[in-house]
Amino acid sequence: MLFIIITVLAVLGLAFRLTFFRFLAEIPSVDKRDLPALAGAYGEWLGDGMRNFFKPGFLIKVQAFYRTWVGKNYPGWRQWVFAALVVSFSYCAASGFFFAVFVPRGMFGILLLGHVMAGGLFAVSLATALILRAGAFRPDAGDPGSEKCNFCPVLKNLPKKGILTALFWMFAAAGLCLIVTALASMLPYFHYRAQMPLLEFHRYGALAALLSVMAYFDFGMLLRRG
Amino acid sequence: MAIAQRKIFGGFFLTVAISAGLLVMALSADDQHLKWDGSRVSPVHRIPLKDELNQEIIPTESYPLPFSTRTTCAPCHVYDQIRRGLHFNATDADRPAGRPGEPWVWADEKTGTMLPLSYRKWKGMWDPRDVGLTDWDFTVLFGRHLTGGGVAEPADKDITPESRWNVSGKLEINCMGCHNASRLQDPSEWARQVMRQNFRWAAAAAAGLGEVGGMASRLAATWDLFDGPNPDDTEWAIAPSVRYDPALFDSKHKAFLDIAYKPEDSRCLACHSTAPIGDEKHEFDGDVHTASGLECVSCHRNGIGHDMVRGYEGEFKDNDGPANEAFTCAGCHLGKEADKGGKGFSGRLGAPFPKHNGFPRIHFERLSCTVCHSGPLPAKEPARVRTSRANRLGIFGVARWATDMPAIVEPVTIRGANKKLAPHRLMWPSYWAEAKNGKFVPLTPDRVLAAAGDTLNAAESVARVLIALFNIPDLGGTPVLVMAGKVYELNLDGVLDVSAYPGEAPVDDLLWAVRKEGKVLPLLPEFDPDAGEPNPDAEAQVQRVLLALGAMPGAPGDPVLLFKKALYRITNGYVEKKENPAPSEKPKLAWLKDGKAKPLFPDFARRAVLTLTGTDQTLTEEQVGMVLQKLGKDHVFISSGKVFYLNKKGNLEARSDEAAAPVAWPMAHEVRPARMALGTNGCTDCHKAGSRFFFGRVKGYGPLRTSRVEVRSAYSFMGLGKPYHVFFGLSFAVRPLFKVVLLAAALVIGAILLIAVLLALGRASGLIEKRR
C-alpha cells in the first residue's frame, strides 16, 4: 500500500511539476497571484496539449522529432538499440505499475511472461545503450554549459547538462537495480523472506527509472510548444 | 393452618437448597475433572466397568451385560461434552462443515453404486438422509469404521420404526477404539461385531475385555436385552452375550484398562489408512513426520471436548479451538506471525525452517504446502489408492473384505475455497438415478436390484452352476468353466477368478471341466451317444453331473445333456436317454423347461463374465442398457463422469453432465521429505513442456466397463489455461541462458556505473582534471 501511495504521489507530483513549469515558461504573461485564473489557464493549456495528441499531424510530428533526436544521438544501427530500450521499458513500466497499483494479486499470466521477456530485452538494450552513450554523460565533464534548468524551487538555476547527466546515471542505476533484483529472485540463493525486499527494491527501482525518464524527457527531449 | 403452610414452605425450601447444593457439588466435580492438575502422567485406569443401566459389572455372573462407555467413563469424563467432538458431530446443525473431507461411500458392487455421502454439507456429496438412509441404515453400512456416538447413538426421539436399536443396542462412543493401548484392541473384531449388529457388545469384544458370541442380526425384532438367551435355539438365533476375561479383573471386580492419553497412530490408521494399489506393504514409506518421531496426535490435538485440530489453513474460521492455526504446516515450520515480536519463533516440535531459496513468492500465495510436499509425485495419471473407510481396509479374516472400488485417485490439484491450489483425492460417483425436477435423484441399490431381476447376476449365474457341480460325487478336483481360452473358477469368497488355460486351449468355446492336480480335464468323458453299444461309465458320469445340477437351488428347469441325437435327463433318479430334437455336435448341458432347452446361464451373462472377470468393474454397457429398459424412462446410470441413458431407439448413449462430476477432498498426507518435494530439482519439476503436473490427465473410472469416460486435464482442475502454461513451460528451456544474459548485462551496467562513480570521485577530489 505504501508503494502505491508513493508511486501515485511521485508520478502525479512530477508530472504536475513538469507540466506546470513548462506552462509557466510558455505563457509568462499569466498572473501568478490570481490562483483561480492561473488554474484555469493551466487547465486550458493542459487540455490543448492533450488535444494535440488527437490532431491529424501529431504522429507525423512525433515521427519527425524521433528521427531528428534519434538520428543525432543514436545514428545508424544504434537506433535499434534505442528503440528496443524504449519499447521494453515502456511495456515493463506499463504492465508493472498497472498491476502494482490496480491489481492486488499482482502481475500474472501472459502479461507477466511478457514482462519477464521484455525485462531481458531491457537489460541487453540498456547495457548496449550505456556502452554507446555513457561517454556523452561523463561525470567529469568540465563545462556544464550555460543553459540553466529550473529543476525545483530548492535547486534553482542548475545547469541543464548536469541535470541530464544525473538523470542519465540515475536511470542506469535504477536499471541495474531492476536487473539485479529480477535475476536474484530467479537464483536459488534467496529464500522467501529475502525475496520480499528484493521485490520491493525492484518496484522502487522501477519507480526511480520511470521518474528519471519523465524528467529526462521533459528537460532533454521535449521542445517548447510552437 | 399457618404452621402447616410454614412447614410445607420450609420443606420446599430445604429440598431446593439441598438440590442446589448437590447440583453445585456435581458441577464442581465435573469442572474439577475438566481441569488438568499439571501432572503429565496418565492415571492407571483400574476401574469398575458399568453396563448401560449404570450397574457395576460382575464378570463372574452368568450373563453379564456388556460394558457401556457412557456409564463406565462418566465418573471422570463428561460424555455429553465428548460427543460434540469432531468424530461424533457430523449431524450437529450448528457446526460449520469446514474444509471438505473424505466421504462415506455407499458401495454396492452388484448394482455399481458408488455414492459419496456426508452429513456435512460438502460439495458433490449426498446427505444420507436425502437418499433414504436412516441412522440405523447408516450405522449398519458404515459402523465398521465409525467411532460410535453421533448417528450411531441416536436419541430416542430420532429412532425410526424399521430400525432394530432395541435388539442391537446403540453404538456408543468407542473410547477404547482410540485410547486403548493394549495390543488386544482389535478393529477387525469391532467390524465383525457391528456387522452382526452386536452394537452394544462391540466395544467389549474389540477391546479384548471378553469374548462375545451370538448375533443380534439373527434375533427377532422383538428381542430385548432383558429377554436374555434363547434356550430353544443354541445354533442359529443365538442372543449375543459377553464372557469377560477374568484375568483383567481384581477381587473387587475392577478391571484394568490400559488407557493411553495419546492414542497410538495405529488406532487412527485403523480408519484413516491410505495406500496405493499395487504397492507392497514394505514399499510404503509413510509420512515423513511419522518417520521423524511425531504421532498423529502431535498435530491433531484436542481437549476434553474432542474437537480435534484438522490442521488446515483457515480452520480457526470454522472452529474456535485455541491452537487450530498453530498446527498447520506453516504453524510449526514458519511460526505464528503474531507471536513473533519482530523476528518470531518457528520450529515447533522440531520442524525445520523451510528456506525455499529461489521460489517466486507466488508459489506461497497461490499454492498450499501440500501441492509440492504431499502424496505421490505427479504422473501421467493420478495413482489409484484405497482408503480404510471407502475400501473397507483393515478388516482381517478368511474372507476378503477390502474392495478395489470405489476408485479413488490422488493427487489431483484443485483450487480450494481459500483460492489456493491443493492436492486432492478424487472419485467419480456412480449411481442409478431418476430424473426429477431437473435433478438426478439416486436410487437405492435395493430398488435397482428389484427392477433388474437377474440382469445384474451374471457372475452369480455361473457361480451357482459351479457350486452345484461341487456336489458331484468323487469329482476329485474343482469344477471350472473354460471359456474363450480362459479358466473361470470360484475362489474362497464364492467369486469368480480367471486364469489362463494351462497348455493348449480347447477348441470348444464353452466347456465345463474339472481342475485336477493342475490339469484341466473335461467334466464329461469322450463318448459317442449315437454308437450302438451304450457306454456305462460315461452315462454314469452324465448321471452324476445331471443329479448335481438338479439339486441346484432355484434351478430354472430340469438339467439335460444334449449331444448329437441324444438327450440325457434324470427320470426317477436315473439317467434316461431320449431323442434330441435339435442334434448338436458338441455335448451341451442345458435346462429343459416347457419342452425348450435353455443354456445353463444366459448369453448376456456369458458376455458379462468374459468382459468383467478379472477386473474390478462389475457392469457392462449391455447390462446397463437392459436395466435402464426395466427401470423405465427418466432413469439414467451415472459413471465415469458420464450420464448413460437410452435414446429413442433404445440404444445406450452417454453425455457429460455436472451430476456426474467427480467428488474431491483435500489430502495432506503422506508428506514427503523436503528433498523429495516438487521443485527440489528446480523449476522444471513442474514448468516444462509436457509437464505432468499441468498436463497430466484424469480419466473417469467407475464400475461400468466402457470406453465412454470423461477425461480432464490437470490444469482444468486448477482453473488454469493450457496455452499459457505450454508457453510458460517452454520458456524454461531458455531460462538458464536468460539468466546468463541478465548477469552479463548487469555486469556491464555495473562496470560502467562504477567507472562513472570513480570519475565523479576523481573529479571531486581533484585527481582527475576537468575535461575541456
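Predicted model only: the values in this text are computed from it and were never measured.
The shortest non-hydrogen separation linking B:Leu753 to A:Trp169 is CD2-CE3, 3.6 Å. Across A:Ala123 and B:Ala745, no two heavy atoms sit closer than the pair O-CB, 3.5 Å. B:Lys739 and A:Leu187 make their closest contact through CD-CD2, 4.0 Å (heavy atoms, listed as atom of the first residue, atom of the second, distance).
The choice from A:Leu126, A:Leu176, A:Thr128 that makes the most heavy-atom pairs within less than 4.5 Å of chain B is A:Leu176. Listed options A:Val116, A:Leu198, A:Val124 were ranked by heavy-atom pairs under 4.5 angstrom with chain B; first place goes to A:Val116. Each of B:Arg361, B:Arg735, B:Glu365 has some count of heavy-atom pairs under 4.5 Å with chain A, and the biggest count is that of B:Arg361. Annotation: maximal heavy-atom pairing with chain A below 4.5 Å, among B:Ile749, B:Leu759, B:Val748, B:Val757, occurs at B:Ile749. Per-residue counts of heavy-atom pairs under 4.5 Å with chain A were compared for B:Ile362, B:Ile755, B:Ile752; the largest is that of B:Ile752. Interface summary for chain B: among A:Gly106, A:Gly109, A:Ala134, the most heavy-atom pairs under 4.5 angstrom belong to A:Gly109.
For A:Leu199, the part lying under 4.5 angstrom from a heavy atom of chain B is the side chain only. Residue contact with chain B, scored on non-hydrogen atoms closer than 4.5 Å, involves the side chain of A:Val180 exclusively. Using a 4.5 Å cut-off between heavy atoms, A:Ala173 touches chain B through backbone and side chain atoms alike. At a 4.5 Å heavy-atom cutoff, the contact between B:Tyr724 and chain A is made by backbone and side-chain atoms alike.
The environment of A:Met117 atom CE is sparse: at most 12 non-hydrogen atoms of other residues, nucleotides or ligands sit within 6.0 angstrom. The number of heavy-atom neighbours closer than 6.0 Å to CZ of A:Phe20, taken from other residues, nucleotides and ligands shown, is above 12. Annotation for A:Phe201: atom CZ does not count as buried by contact number, only 12 or fewer foreign heavy atoms lying within 6.0 Å. Heavy-atom neighbours of A:Leu12 CG from other residues, nucleotides or ligands within 6.0 Å: above the threshold of 12. No more than 12 heavy atoms of other residues, nucleotides or ligands sit less than 6.0 Å from atom CZ of B:Arg675.
Atom CG of B:Leu743 and atom CE of A:Met186 lie 12.0 Å apart (nearest 0.5 Å). Note that CG of A:Leu112 and CZ of B:Phe728 are 6.5 Å apart. Values are rounded to the nearest 0.5 Å. How far CZ of A:Phe190 is from NZ of B:Lys355: 12.5 Å, rounded to the nearest 0.5 Å. Between atom CZ of residue B:Arg763 and atom CZ of residue A:Arg138 there is a gap of 11.0 Å, rounded to the nearest 0.5 Å.
At a threshold of 4.5 Å between non-hydrogen side-chain atoms, the residues B:His356 and A:Gln195 do not count as touching. Side-chain contact between A:Leu113 and B:Phe727: present, with at least one pair of heavy atoms (C-beta onward) separated by less than 4.5 Å.
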